[in-house]
Each structure stands twice: as structure tokens, then as C-alpha cells.
Amino acid sequence: MDHERMNELISSYLDNELDEEGRRQVEEHIEKCPECRKEYGEMARFEEVMRKMTLKQPSKEAWQVYSESVYNRMERGIGWILLSIGAMIILFFSGYQIVKGFIEDPTIPVIVKAGILLGLAGVVILLVSVVRERVFVNRRERYKEIQK
Amino acid sequence: MRQVQVVGYRTVHVAQNVAPVMERRDLSDSEAIQAIRAGDREAYKAIVERYMKRAYGIALTFVRNTQDALDVSQMAFIKAYKNLKRFDAERPFFPWFYRILRNICLDHLKRASRRREIPLEDAGVLKTEAEDYEMKRMLWQAIEDLPLEQREAIVLRYFEGMSYKEVAETLEIPIGTVMSSLHYAKRKMKKAIGGFLGEEAK
Ligand SMILES: [Zn+2]
């Protein structure tokens with residue numbers, strides 16, 4: 001058997017992922033092949049090192065509030081969507097009221113009316129999008145504070 | 001798996017001397033999903049609490065800092081919840097969730113690099129003690145340098161303690177691919193910390 005394939009088997013052997021037959025093959029081979037025996041020794045030390053490797057963990061409190069935070073964030077998400085829609089409706093409505101005043105004024109030319117209308121619509125859209133963005137960023141920041 | 005008795009979608013924990021705390025926690029993935037679909041939002045907690053540490057760990061290896069890892073892993077749970085309708089309940093939950101999590105992590109990295117927030121090298125993914133600091137730094141660098149699929153396999157195998165079969169399911173690749181991916185990855189990692197392994201052999 002070629003060494004490349006054997007090295008792969010040794011790797012799986014040490015991971016405890018070989019069946020009876022595979023294990024026997026590896027054991028028999030390293031018995032008589034010094035090169036693969038060396039590979040086995042190195043791999044075994046490597047596995048030893050890897051066993052001691054763990055990932056950094058957050059504070060214990062982070063786990064206690066984790067699922068609550070998921071729910072809170074979901075609810076807040078819905079809350080902000082509703083708020084944005086509500087704000088949009090109110091803005092459009094009050095904008096409409098103001099604009100209506102102009103439109104119904106016969107002394108202002110039609111083209112100026114159209115200009116004002118379009119301009120206002122643009123302002124409303126920009127405003128809503130800015131507010132939305134601000135609110136979203138703040139929410140993220142605040143959330144981060146809580147987690148600390 | 002603990003023995004549980006199923007009553008409708010709710011599961012009653014048959015405790016010997018412990019009071020039946022939070023029965024929802026005992027729901028299996030598919031029971032919990034069934035319950036959520038039946039309108040019990042709180043049942044999702046069983047899933048979140050079952051996988052939060054795993055999700056955090058995986059996220060950490062992508063985003064490389066604790067705070068962001070908590071943040072993006074929670075975002076993944078929220079996104080999974082919203083998309084639960086599209087989840088095929090016949091299939092295992094975690095591999096499906098893993099794809100959502102990975103996408104969110106990759107998006108996060110893309111956004112971070114666009115903002116030029118390059119994470120400090122070695123902001124700390126591996127738990128270190130003073131004496132092995134240098135080795136862990138080199139080892140982590142070797143992991144970072146792996147192609148994505150190999151790195152994912154290493155993370156799931158070593159840091160999340162998955163078997164080859166579980167890794168294959170999670171990454172949706174054949175088990176043979178897992179075997180060779182891990183093998184190539186290990187060889188590169190072993191080479192990167194070769195000096196340290198030699199010392200240990202003395
Ligand atoms: Zn050999």
C-alpha cells in the first residue's frame with residue numbers, strides 16, 4: 001500500500017474512525033514500516049496537542065441570557081418594522097395635508113405645485129430611510145452594551 | 001438522548017427527584033419545530049439552547065472575536081426562525097442551520113473588510129496560557145491559511161467534537177472527502193507547529 005494512502009488511514013485511525021479491518025491494516029503496516037511508524041508517532045503527538053485546544057468562551061452570563069436575547073432581538077425587529085411603517089404613514093399623511101394647502105391655492109402655477117410635491121416626497125423618503133438606519137445602528141450598539 | 005414521554009407536541013420530563021423544569025427544553029429538534037409551527041414560539045428555546053455553544057464556537061472561528069461571535073450566532077438563530085417555514089422537517093436541523101450561520105459569518109466578514117475593520121491578528125480564538133501562546137498563535141495561523149472546506153472540517157472535528165459522519169452531514173459532503181480534507185489540513189497544521197511537536201517528543 002502506498003504511503004500517502006497509509007498516512008490518511010493513520011490519521012483516521014487516531015481519530016477512531018476506522019473499522020476493525022482498517023485498524024488491523026494500519027497496525028500491521030506500522031509494525032513493519034519505519035517510515036509510517038514515524039508518521040504515526042508524529043500524528044499521535046499532534047492529536048495530543050489538538051486535544052488541548054479549546055476555543056475562547058464568553059462569560060457564563062452570556063449563556064444565561066443568550067436565548068432571551070434571541071427572543072428580544074426578534075421582538076425588537078418586529079417592533080421597529082411596525083414603528084417605521086407607522087412613522088411613514090404619519091409623515092405621508094401630514095405631508096399630504098400641507099401639500100393639499102398648496103395644491104388648492106389657485107394662485108400657484110401647476111408646475112411649481114408639481115415641483116413642491118416631488119421635492120416633499122423625496123424629503124419624506126430620505127427622512128424615513130435615515131431614521132430607520134439610525135435606529136437600527138443604535139439598537140445594535142445598545143445591544144452590545146448589554147452583552148458586555 | 002434522555003427518555004421522554006410525548007403528550008401531543010409537549011414533552012413531559014419523567015424526572016425521578018427533580019421537579020419538571022422547563023419541559024420545552026426536552027423537546028427534540030423535530031418536536032420543537034412541530035411545536036413552533038403549531039404556534040408555540042417558546043419552543044424554539046429548546047433549539048437555541050441546544051446549539052448556542054456550537055453556533056458560537058463556529059462563528060468565533062469565522063469572525064475571530066467573542067462579542068461578534070455571540071452577535072452573529074444570534075442573528076443566525078433569528079434568521080433560521082424566520083425561515084423555518086422553508087425548513088424540511090424530515091431532515092436534521094443542524095446542517096440546515098449551519099448553512100445559514102456560515103452565510104451570516106461570511107457576510108459579516110465581507111462587511112467588516114469593506115469597512116476596513118481588519119481584526120487584530122490573534123485577537124484570540126484559542127484559549128491560551130502563557131506557556132503555549134506562541135504555538136497556539138502559529139497553529140491558528142495555519143488553520144486560517146487552510147482552504148475554507150478544510151478549515152470548516154477541522155473546526156467541526158476538533159473544536160465541536162464531531163465525528164467524521166457528523167462533519168459530512170453538516171458540510172453536506174461525502175465522508176471520503178471529510179477524511180481527505182482532514183488529512184490534508186492536519187498535515188499542514190502539523191508542519192506549521194513541527195518545532196513544538198519535536199520538543200514534546202524529547
Ligand atoms: Zn509505510
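What you see is a predicted model; the values in this text were computed from it and never measured. As a basis for the values below, the full set of heavy atoms in this structure was taken, side chains included, without hydrogen atoms, waters or symmetry mates. So that the names make sense, note that chain A is the first sequence line, chain B the second, and so on, each numbered from 1.
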Only pairs of heavy atoms separated by less than 4.5 Å count here; which of B/Lys165, B/Lys82, B/Arg187, B/His183 has the most with chain A? B/His183
With a 4.5 angstrom heavy-atom cut-off, which part of B/Arg157 approaches chain A: side chain, backbone, both or neither? side chain
At a heavy-atom distance under 4.5 Å, which candidate from B/Ala69, B/Ser180, B/Gly57 has the highest pair count against chain A? B/Ser180
With a 4.5 angstrom heavy-atom cut-off, is it the side chain or the backbone of A/Gln64 that approaches chain B, or both, or neither? neither
For the atom pair CH2 (B/Trp96) and CZ (B/Arg91), what is the distance rounded to the nearest 0.5 Å? 11.5 Å
Against chain A, label B/Ile47 side chain, backbone, both or neither, depending on which of its atoms sit under 4.5 Å from a heavy atom there. neither
Considering only heavy atoms, which portion of A/Gln57 lies under 4.5 Å from any heavy atom of chain B: side chain, backbone, both, or neither? both
Which region of A/Asp15, side chain (C-beta onward) or backbone (N, CA, C, O), has a non-hydrogen atom less than 4.5 Å from a non-hydrogen atom of chain B, or is it both or neither? both
Could you tell me whether A/Glu47 and B/Lys186 make a salt bridge, using a distance below 4.0 angstrom between a side-chain N and a carboxylate O? yes
For residues B/Glu42 and A/Tyr71, is any side-chain donor paired with an opposing acceptor at under 3.5 Å? no
Checking heavy atoms, do the side chain of A/Glu8, its backbone, both or neither come under 4.5 Å from chain B? both
Check whether B/Tyr44 gets within reach of chain A through its side chain, its backbone, both or neither, counting any heavy atom under 4.5 Å. both
I want to check a possible cation-pi pair here: B/Arg151 against B/Phe62, using under 6.0 Å from ring centre and within 45° of the ring axis as the test. yes
Heavy-atom cut-off 4.5 Å, strictly under: side chain, backbone, both or neither for B/Ser73 against chain A? both
Ring centroids only, cut at 6.0 angstrom: are B/Phe94 and B/Tyr51 within range, meaning strictly under it? yes
Quick one: what part of A/Leu18 sits under 4.5 Å from any heavy atom of chain B, side chain, backbone, both or neither? side chain
A/Glu21/A/Arg24 ion pair, N-O < 4.0 Å: yes
Centroid-centroid distance, B/Tyr56 to A/Tyr66, less than 6.0 Å: no
Measure the acute angle between the ring planes of B/Phe87 and B/Phe93, then classify it against the limits of 30° and 60° as parallel, tilted or perpendicular. perpendicular
